[in-house]
Amino acid sequence: MSDLFKVAIIGSGPAGMSAAGQAAKREMSHILLEKTDHLSDTIFKYQKGKHVMATPSDLALRAGGYEEGVHQGMEFEEGTRERILGIWNKHCRIEDERMPTYEGEVQDFDINTRLNAEVVSVEGEKGNFSIKLKDGDTIRAETIVLAIGTQGNPNLLRCPGADHPMITPQLDDPEDHIDKHVIVVGTGDAGIENALGLATDPALGNTVTVLNRGTDFAKAKIKNATDLTSADEEGFLNISYRTSPAEVRDGEMVVETETGQEIIPCDMIITRIGSQPPRKFIEAMGIEFTSEDRSAFPKLSPEFETTKAGVFVIGALAGYPLIKHCMNQGYDVIEFLATGEAVKPADEPLLEKVFENLPGGKSVDYWLELYRTNVDIFAGLSTLQMRELMLDSICTAFAPGEVIFRRDAPGSSLFAIAQGSVAVEVNPNDPSITVPIGQGSIFGEVGLVSGRRRGATIRAAEDTVVVELSRKAALKLIGSSPEADEAVKRISIERQILQLFGSGLTPEDIKPLTDSAVVEEISAGKVVIQEGADDKDLFIVRLGSMRVEKGEGERQTFLGLIPAGNFFGEMGIIDGLPRMSTVRAAVKSEVIRLPGEGFLDLLAQKPQLRERALQIMDDRRRSNEEIESRQDKDGGKVDNFSGLASFLFDEGMGEATDALLIDERLCIGCDNCEKACADSHDGLSRLDRETGKTFAYLHVPISCRHCEHPHCMTDCPPNAIQRGADGEVNINRETCIGCGNCKSNCPYGVINMEPVPPEKPSLLSWMMFGSGPGPGEAPYSWRKENSDPGVAKKAVKCDMCAGIEGGPSCVRACPTGAAIRVSPDKFLTFAKMTEDVEG
Amino acid sequence: MATAADNRFREDEKRRDADHISFLKHRGFRWLWMALLLCAFSIIGYALIDQEPRPNGGSWYGYTLGTVGLLLIVWLSMLGIRKRRISEGAWSLKAWTSAHVYLGLALIVVGTLHTGFQIGWNVHTLAYVLMLIVIISGIYGVYAYAALPKELSANRGDKTGGDMLDTIADIDRKLESAAQPLGRAGSDLVIGVLEQDVFYAGAFSRLTGSYPGCATKRALAGIPATGSDAEIRVHELLTARAEQLAQIRRHLRIKAMLEIWLFIHIPATIALLAALLAHVISVFYYW
């Protein structure tokens with residue numbers, strides 16, 4: 001039995017290492033346990049030379065330099081992976097020949113580090129925990145700080161030889177591997193990307209085999225799957241279907257195929273077969289999570305203590321993915337253990353900033369408490385959760401009559417009223433007709449759910465204090481608090497019905513409908529209404545969009561698109577006839593299902609609504625009949641229209657808000673669109689004209705579609721991707737940390753990672769003297785030659801020429817009218833798509 | 001936060017509702033009508049105004065037509081700058097192209113009337129002839145822009161020019177290994193194929209699509225389709241290569257035809273501007 005440490009820190013990433021450094025500084029008895037043979041595994045596994053950012057820049061790093069001279073600790077500033085790890089290694093007195101030694105002065109910490117110490121189980125209670133290591137040792141500690149991140153343990157092959165040294169669960173840099181025989185196991189995105197990276201550059205000369213247990217690539221993004229199969233067809237690599245590993249031996253792998261065993265020679269095996277989330281391990285210690293959700297975090301006190309007394313969780317596992325947060329938490333948790341008092345959190349000055357525009361000069365604690373007690377959906381949040389929520393939010397006070405947002409403005413954020421009330425201008429033609437929303441309630445929820453523009457202008461009715469939660473923060477709140485989820489859902493259904501069916505209705509009128517409403521998630525392509533069926537429900541598209549079609553298979557005719565915020569299914573209810581057409585989800589969508597009888601009852605009570613519904617029904621029927629009648633006269637045109645619509649849906653038009661299309665009957669291939677794009681945006685083109693799919697002369701180039709719910713936004717650690725004032729999805733180059741998550745999340749491949757190129761000589765000096773590369777994106781070689789190699793790569797994509805007068809320059813610069821940017825609800829009509837474009 | 005109403009929403013919505021309409025049809029042929037009006041006025045003026053002693057570039061009406069023509073030519077030649085200077089503002093290059101085409105055509109009328117049908121061996125007629133060369137090459141350009149993009153698109157499908165070259169590189173890699181068992185003669189043919197640059201031929205081949213001396217064609221003829229396994233495989237690969245080459249060559253030919261006229265249009269424009277300068281100076285010098 002070993003000594004009893006005051007604290008055992010598990011995980012040597014930024015959070016754990018910072019905690020260990022602080023413990024060493026305070027001469028607290030401690031041990032830092034690291035599973036691998038090096039510090040900070042996640043950063044260690046970054047690609048070679050990767051530039052690591054230090055955001056948020058306004059957050060003080062207390063581990064380094066806080067209370068100068070007293071608690072000076074671990075250093076961290078942006079730089080390359082090698083530099084950062086070099087400094088940390090030196091702090092921790094670790095020599096690692098794989099990392100260049102850092103030459104500068106750094107503080108020396110007497111950290112008790114133990115590498116190769118994988119923890120298998122934790123037993124005991126506060127004051128006496130026993131930590132069992134894989135090598136059989138047991139370590140005893142009074143308290144435990146868990147800083148193991150969220151990466152988990154990569155799964156191993158289930159066959160003999162699974163621990164062979166040629167097996168690796170990751171690939172740092174494909175270009176490090178030349179002339180190798182590589183086997184990739186795993187057909188998810190990571191495996192496919194690795195395989196493509198190794199195989200598609202012929203200069204590397206690698207022979208790559210991808211093992212696929214089955215026959216499809218269901219786990220991967222469609223683009224990755226098609227890229228992989230075409231790489232196979234083109235001979236860049238080889239996919240072995242219905243094949244699984246049987247044994248790994250020196251220099252070869254035995255595989256099990258349909259026709260028996262085969263041997264594939266190899267020098268390297270990349271296993272991309274997922275990792276075990278650390279959740280089970282954590283739950284086994286007796287720690288509870290906030291929800292069953294896969295992405296949920298452990299429940300924590302303001303001091304980061306879990307539901308198991310004496311065990312603290314910090315870092316990414318606590319929900320803080322940024323390095324600075326992690327390092328500060330390491331410091332905070334040790335200070336708490338040492339002094340028994342909570343440190344004023346490092347985010348205090350940031351929160352002061354959040355609240356600085358509110359009246360009365362009150363403290364952070366005052367506002368936190370006010371928001372928490374007054375806003376209904378915040379009930380049940382801990383102080384820590386409140387702090388985090390408010391950090392990502394904007395708090396504002398409005399004077400009576402001041403506009404909070406306007407009709408048709410883009411916005412997917414959620415507002416909550418802490419004090420006062422607001423008035424909703426429900427009628428665009430008469431601003432005097434308003435509906436009140438009172439203190440404690442929320443608004444903006446339709447934008448949050450659908451990603452569409454604001455449906456009404458909202459003004460403050462009196463002196464009002466609100467908080468605006470970013471979509472990300474709002475979703476996190478909904479995910480972690482079932483009460484908030486329920487409240488938002490109910491309010492959004494009620495308001496959506498009211499908004500759709502017009503003024504004059506009150507929440508009481510529609511209560512029976514609201515009570516029986518069900519929200520259903522519909523995956524892309526799934527049928528909601530089947531032609532000829534007898535069901536009698538009414539649907540409202542809450543998120544996504546629906547396509548309306550008639551007929552089957554080859555003879556299917558596209559009739560139209562129903563965007564979010566509209567209802568469908570009314571014909572069958574009012575007429576009582578079987579369904580006239582099939583309605584299915586164009587993209588992953590959500591609908592509100594309302595019982596038809598309830599809707600009929602409402603129509604019976606409200607003649608005005610009945611008239612409106614009949615009007616809409618008539619319009620739709622007429623438009624459908626028009627297309628169908630053309631089918632008899634000009635079938636080719638209608639088939640072409642249906643084919644085009646299908647093609648555009650495949651290309652993501654169902655979720656687009658503003659997409660670039662090129663009519664190839666007009667495109668002369670001059671690439672002036674690309675040149676204009678580059679010249680409008682510091683020299684990098686954000687569109688690739690020639691690449692992309694074409695159907696019947698309509699070409700969808702590689703360019704941002706500005707999705708309603710952008711995939712790129714889902715996992716941006718610094719929250720640098722936002723929807724701007726003109727509805728554009730924009731990446732903030734200042735706060736982007738260059739992690740590349742958005743690039744891999746975008747299904748349309750429109751995001752590139754590029755350093756800002758050097759400035760070009762002016763157009764005039766190019767025209768007159770031939771200096772510089774001329775209009776458009778400079779060739780790679782010119783950029784490389786003329787730029788500072790230290791400039792970090794960051795994400796680049798179309799911003800719809802935000803802030804540029806005149807609008808998107810790709811469209812303005814097209815000499816023939818081939819390039820247009822359209823929204824699907826306007827373009828996906830018969831008239832637009834069958835237009836005779838030529839002169 | 002609250003978004004001010006002064007964003008681009010209204011104009012963006014209009015743009016998102018845009019039609020796919022070519023530069024020729026732009027705004028219901030607005031510039032065609034303008035050009036026709038200009039021609040009509042010029043002709044009516046020419047017919048009705050009594051020019052003494054005879055219609056001539058030197059009469060007051062001749063000067064008027066000359067000034068209009070000169071301003072038009074200078075403005076038309078600015079398209080090259082407009083196209084490259086991506087400044088802010090509500091301009092559209094399509095509208096410029098549309099105006100360029102129709103007003104450029106109107107120059108035939110304006111310019112010809114300006115001559116008063118007096119043609120001679122002098123710098124004035126030189127300017128006139130250069131103008132006609134520019135316009136005629138431009139007419140071909142309009143034809144090319146209207147007719148060729150369809151062919152270009154149909155030929156390339158979803159492939160980019162780079163993709164096509166990649167396919168060749170891929171076939172070549174396979175060809176190299178497949179050709180190993182061939183005899184001396186066969187190997188030489190394949191080596192000839194591998195060594196020949198895809199872009200080996202000159203401008204004439206590119207424009208006509210005729211490539212004499214194509215090593216792939218030669219190798220296809222020299223290696224039998226029904227021989228040893230290796231020969232069959234090589235023949236297959238060569239057939240694929242020939243097909244891919246054909247696609248690349250069609251691509252190059254169409255692209256060249258889309259651009260070739262600019263090699264006349266632009267230098268002739270520069271020459272025209274110079275001749276115009278000489279024309280104007282000499283006219284005022286001998287006033």
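Note on naming: letters A, B, ... go to the chains in the order of the sequence lines (proteins, then strands), and numbering restarts at 1 for each one.
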**Request:** State, yes or no, whether a side-chain contact exists between A:His699 and B:Arg156 at a heavy-atom distance under 4.5 Å.
**Result:** yes
**Message:** Within the structure provided, determine whether B:His20 and A:Tyr697 are in side-chain contact (heavy-atom separation under 4.5 Å).
**Reply:** no
**Which atoms of B:Arg82 approach chain A - backbone, side chain, both or neither, heavy atom under 4.5 Å** = neither
**Request:** Report yes if some heavy atom in the side chain of A:Leu666 is under 4.5 Å from a heavy atom in the side chain of B:Pro149; otherwise report no.
**Result:** no
**Prompt:** Is the closest basic N to carboxylate O distance between A:Asp408 and B:Arg10 below 4.0 Å?
**Reply:** no
**Request:** Kindly write out the residues that satisfy side-chain contact (heavy atoms from CB on, under 4.5 Å) with A:Thr657, not counting sequence neighbours, or none if the list is empty.
**Result:** A:His706, A:Glu708, A:Arg723
**Prompt:** Are A:Glu664 and B:Lys150 close enough that some pair of their side-chain heavy atoms sits under 4.5 Å apart?
**Reply:** no
**Residue A:Leu660 versus chain B: region with a heavy atom under 4.5 Å** = neither
**Prompt:** Could B:Glu13 and A:Lys826 be called an ion pair, given the rule that one side-chain N must be under 4.0 Å from one carboxylate O?
**Reply:** yes
**Request:** Could you tell me whether A:Lys832 and B:Asp17 have a side-chain N and a carboxylate O separated by less than 4.0 Å?
**Result:** yes
**Prompt:** Is it the backbone or the side chain of A:Asp663 that comes under 4.5 Å from a heavy atom of chain B, or both, or neither?
**Reply:** both
**Asked** Where on A:Ala659 is there a heavy atom nearer than 4.5 Å to chain B: the side chain, the backbone, both, or neither?
**Response** neither
